[in-house]
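Along the sequence shown, residues carry numbers from 1. Note that the structure is a prediction, hence the values are computed from the model and not measured. Note that ligands are numbered from 1 as they come in the structure, with each ligand's atoms numbered from 1 the same way.
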Amino acid sequence: MENAITVPGTRHSFVEIDLQAIKDNVAWLGSLTKPGTRQMAVIKGDAYGHGAVQVAKALQNQVSRFGVANVDEAIELREAGVTLPIMVFGVPTPETAPVYQSYDLTASVSHLSQFEILPDGVEAHVHFDTGMGRLGLRPDQLSEVLEVINQSRVNVVGVMSHFPCADDPESELSARQLERFRSLAAEFPEHYERHIHNTGGILYHYSPDCTMVRHGIGIYGYDPGPQPRKELQPALTWKSRVVQSKPLKKGESISYGARWKADRDGWLVTVPVGYADGLPRNLTGKISYLLEGQKVPVRGVISMDYTMLFSDHQIEPGTEVTVMGPKGDDARKLAEASDTITYELLTRIAEKVPRKHIL
Ligand SMILES: *Cc1c(COP(=O)(O)O)cnc(C)c1O
């Protein structure tokens, strides 16, 4: 091992978030909607792995509210000083109901029983399941819902629904849902907020009679549909630094299972990113990193904390490597190779991987 180069100390990976790209993406998505349409930035899942607090702060003058999955995520934002309205998509429970009042959160009401547990005066939107098959009231409960709202001290100010197939430009279900939603919304007072569009909804099934849109994946630079879209810029770049580079002889193998063998003499380059950091192991044999401006295939099985490259020349420890990002393979490409969706790839980047925000 006399030729091994090892750097003392441990190096890990890190994520860079381009907040300007996020702001530009929001502006572009907003430009597709009717003037005056309110914009909700969906920042659940730690802003799809981009850091909810920093994304919220970057967007607070550009959108009119934020959407999160649960009260914990909302509390994190409030504690960090975010003052814009925040809607919690999840269901209020007896335990979480008081939090809506103390942290000034907007509830999404999915079941009639939730009117009884929410404190007086809490702002809420009624959520109808027009075809999502998840949360929400049934449309055939409409008259009951109207009655309960009349008697409730919960402050209902909106009606909402959600698309399960908005990423499919051909989706007939989305068209049917829009019709159902329009006829439901017509039964509520004029001043109610009405919203159903996520990113795919805006891009493929837009209808201007809604007063608000809720964009998520598009903010982060990804079109959920069949093709990437040049107007959206992926905001996240995942980087690491080489920890070690040492000679590898022809015929010698790399990583568990000894599955990959060098067909010539060269250098084994070890990068401290693995599946414990959120890089799916099933990307083994399918991805490349950017090293010194070149795409270099990942060799051998992806292990818990490391991935390896093969190089024809020695690489200095500390050399930067791009694991994922718009200049190399972005989250969409990795998701396709991993047989999943961009959303999952982004949100599974481990919390321990530090996020660095750049404006
Ligand atoms: C996640 C979510 C969105 C955003 O969806 P994207 O496809 O990421 O744009 C909108 N509305 C609700 C209720 C959601 O849960």
Side-chain angles (χ1 to χ4, degrees), residues 22 25-30 32-33 37-50 52 55-56 59 63-74 77 85-92 105-111 114 124-137 158-169 171 173-174 177-178 181 193-207 210-229 231-232 234-236 331-332 335 340-348:
I22 288 179
N25 293 333
V26 169
W28 183 72
L29 288 163
L32 303 179
T33 62
T37 302
R38 280 177 283 279
Q39 314 285 320
M40 177 195 287
V42 177
I43 55 174
K44 65 192 181 196
D46 199 28
Y48 296 42
H50 293 65
V55 170
L59 291 179
V63 300
S64 53
R65 61 172 68 221
F66 295 115
V68 297
N70 54 52
V71 294
D72 286 350
E73 294 181 345
L77 296 173
I86 300 174
M87 167 171 279
V88 177
F89 297 141
V91 298
L105 309 176
T106 305
S108 167
V109 168
S110 275
H111 194 274
Q114 292 157 11
H125 295 203
V126 281
H127 178 180
F128 281 98
D129 190 341
T130 57
M132 173 67 195
R134 191 172 63 177
L135 299 176
L137 296 142
V159 52
M160 63 185 284
S161 192
H162 193 45
F163 288 124
C165 302
D167 55 328
D168 174 6
S171 157
L173 176 57
S174 302
Q177 283 185 277
L178 271 178
F181 184 63
E193 202 82 81
R194 37 204 87 208
H195 49 110
I196 183 170
H197 297 89
N198 51 5
T199 305
I202 299 166
L203 294 174
Y204 302 114
H205 308 281
Y206 185 62
S207 83
C210 289
T211 60
M212 183 162 75
V213 292
R214 309 185 302 261
H215 25 65
I217 195 74
I219 295 180
Y220 311 103
Y222 294 95
D223 184 325
Q227 299 295 331
R229 194 174 289 257
E231 290 88 349
L232 293 171
L236 184 150
R332 181 187 183 102
T340 184
I341 54 173
T342 313
Y343 302 69
E344 187 188 357
L345 230 285
L346 289 171
T347 52
R348 69 186 286 171

Of all the non-hydrogen atoms in the protein, which one sits nearest to [atom], and at what distance?
atom                    : answer
atom 12 (C) of ligand 1 : His162 CE1, 3.4 Å
atom 2 (C) of ligand 1  : Lys44 NZ, 2.6 Å
atom 5 (O) of ligand 1  : Asn198 CB, 3.4 Å
atom 10 (C) of ligand 1 : Arg214 NE, 3.5 Å
atom 4 (C) of ligand 1  : Tyr48 OH, 3.5 Å
atom 9 (O) of ligand 1  : Thr199 OG1, 2.5 Å

Short side-chain to backbone donor-acceptor contact, [X] and [Y], under 3.5 Å:
X      : Y      : value
Glu344 : Ala335 : no
Gln39  : Thr37  : yes
Arg194 : Phe181 : no

Over 60° means perpendicular and under 30° means parallel, so tell me whether His205 and Phe163 are parallel, tilted or perpendicular. tilted
Could you tell me whether some N/O pair between Tyr343 and ligand 1 is separated by less than 3.5 angstrom? yes
One pair to check against side chain to side chain donor-acceptor pair (under 3.5 Å): Thr106 and Arg65. What are the steps and the verdict? CA-CA 10 Å; Thr106 305; Arg65 61 172 68 221; 3.2 Å; yes
Should His162 and Arg214 be marked as a side chain to side chain donor-acceptor pair (under 3.5 Å) after you check the CA-CA gap, both sets of side-chain angles, and the distance that decides it? CA-CA 10 Å; His162 193 45; Arg214 309 185 302 261; 3.1 Å; yes
Short list, please: which atoms of ligand 1 are under 4.0 Å from a heavy atom of Ile217? 6 (P), 8 (O), 9 (O)
Atom indices of ligand 1 within 4.0 angstrom of Gly216 heavy atoms, with elements: 4 (C), 6 (P), 8 (O), 9 (O)
Check the pair Ser171 / Gln177 against side chain to side chain donor-acceptor pair (under 3.5 Å), numbers first and verdict last. CA-CA 10 Å; Ser171 157; Gln177 283 185 277; 5.9 Å; no
